Trainee: 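Let me begin by handing over the structure; questions about it come next.
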Amino acid sequence: MKYLNCLWIIVLMGCSDNERAIKVKGSDTEVNLAVRLAEHFYLENDSLSVAISGGGSGLGIASLLNGQADIANSSRPLNADEEEMFRDRGISVRTVVFAEDATAFIVRKDFPIDSIDVATLGYLLSGKLNSWESITGEHRPVNIYGRQSNSGTHSFVRQKLGIQFSRDAKEMNGNAQIIEGIKMDGTGIGYVGAGYIMHDSKDQPVKVLKISPSVGKPAISPLDSQAISEGRYHFQRPLYQFIPETSWEKVSAFIAFERGEVGQRLIQESGYYIVH
């Protein structure tokens with residue numbers, strides 16, 4: 001249904017002139033939330049259409065540089081090279097932090113652990129540990145499911161762990177593909193946006209691991225809204241929207257909708273967190 005809704009929005013865009021059509025590209029972490037916000041925005045503002053597409057934070061930012069988007073959704077800030085390219089092209093960009101997300105680390109539902117500490121997670125994802133034996137007692141290979149290098153989530157996890165990912169890590173196109181891979185792999189571990197995992201995860205085919213900052217410290221779930229609001233989860237982050245100054249007037253109604261009562265409720269209902 002989510003894919004059909006996304007196509008529906010794109011069709012609406014095709015019926016509109018360029019000044020009434022908002023193009024949003026970028027983060028796969030944010031795409032389902034963006035679609036839902038756009039659907040409800042259209043109910044209140046049918047003179048404007050919003051076309052949503054994913055592909056990764058890097059793709060969204062590149063689309064802004066090439067004049068192919070009005071909003072770049074990104075799960076990471078601009079890097080120094082991107083800031084320089086915007087300056088060189090004379091493109092002034094506004095930054096909006098519209099929600100907060102937490103990255104969830106997942107294994108198959110029947111996997112024999114429920115939590116992991118940050119250091120051990122880094123050893124696994126970097127390839128320094130290629131067997132689960134020291135963790136589960138079973139000599140089974142570690143299969144890593146991650147994102148491609150243009151993904152903001154890929155960059156975020158790498159930086160938070162201070163690692164380079166294992167060369168054997170599988171590079172998937174998006175959150176849904178990672179979840180499908182983990183469902184079928186009893187020795188796999190992957191990471192997805194927590195917004196892709198229902199708050200009530202008992203019917204999910206994957207298990208969300210609780211994360212401990214170090215051995216012996218309490219482990220915290222990315223689905224714990226109280227911990228997120230208190231900033232206690234190691235892998236929580238703001239979600240960005242980058243908007244060229246030339247598009248600001250056109251998109252301002254959509255930004256105001258996100259910040260309004262309905263938009264804030266949709267953010268929370270979709271498994272993300274509002275920015276206080």
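Sequential numbering from 1 along the given sequence is applied to the chain's residues. All values derive from a computational prediction rather than experimental measurement.
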Trainee: Could you pull out the closest heavy-atom pair between I113 and L209, with the gap in Å?
Mentor: O-CD2, 3.6 Å
Trainee: Nearest 0.5 Å, please: how far is CD1 in I22 from OG in S49?
Mentor: 7.5 Å
Trainee: With side chains defined as the heavy atoms from C-beta onward, is the minimum distance between F86 and L65 less than 4.5 Å?
Mentor: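 A side-chain contact under 4.5 Å exists here.
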Trainee: Is the F254 ring parallel, tilted or perpendicular to the F41 ring (thresholds 30°, 60°)?
Mentor: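 F254 vs F41 ring planes: perpendicular.
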Trainee: Indicate the atoms forming the closest heavy-atom contact of G190 with I182, along with that distance.
Mentor: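 Heavy atoms of G190 and I182 come nearest at N-CD1, 3.6 Å.
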Trainee: Out of H154, R158, Q159, K160, which one pairs with F156 under the side chain to side chain contact (heavy atoms under 4.5 Å, CB included) rule?
Mentor: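 The single option meeting the side chain to side chain contact (heavy atoms under 4.5 Å, CB included) with F156 is K160.
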Trainee: Looking at every non-hydrogen atom in both residues, tell me the closest pair between Y191 and V157 and how far apart they are.
Mentor: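 That would be CD1-CG2, 4.0 Å.
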Trainee: From the options K250, R20, K23, select the one residue that forms a salt bridge (charged side-chain N to carboxylate O under 4.0 Å, His left out) with D70.
Mentor: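 When K250, R20, K23 are each tested with D70, the salt bridge (charged side-chain N to carboxylate O under 4.0 Å, His left out) holds only for K250.
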Trainee: Output the distance between atom OG1 (T103) and atom NE2 (H234), rounded to the nearest 0.5 Å.
Mentor: 10.5 Å
Trainee: Can you name the closest pair of heavy atoms from D117 and S214 and give their distance?
Mentor: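 Closest approach of D117 to S214: CB-C, 4.1 Å.
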Trainee: Looking at E261, I'd like to know if its CD atom is crowded, meaning that more than 12 non-hydrogen atoms belonging to other residues, nucleotides or ligands lie closer than 6.0 Å.
Mentor: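 Check fails, neighbour count at 12 or below.
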Trainee: Look up atom CD1 in I220 and atom CZ in R232, then write down how far apart they are to the nearest 0.5 Å.
Mentor: 4.5 Å
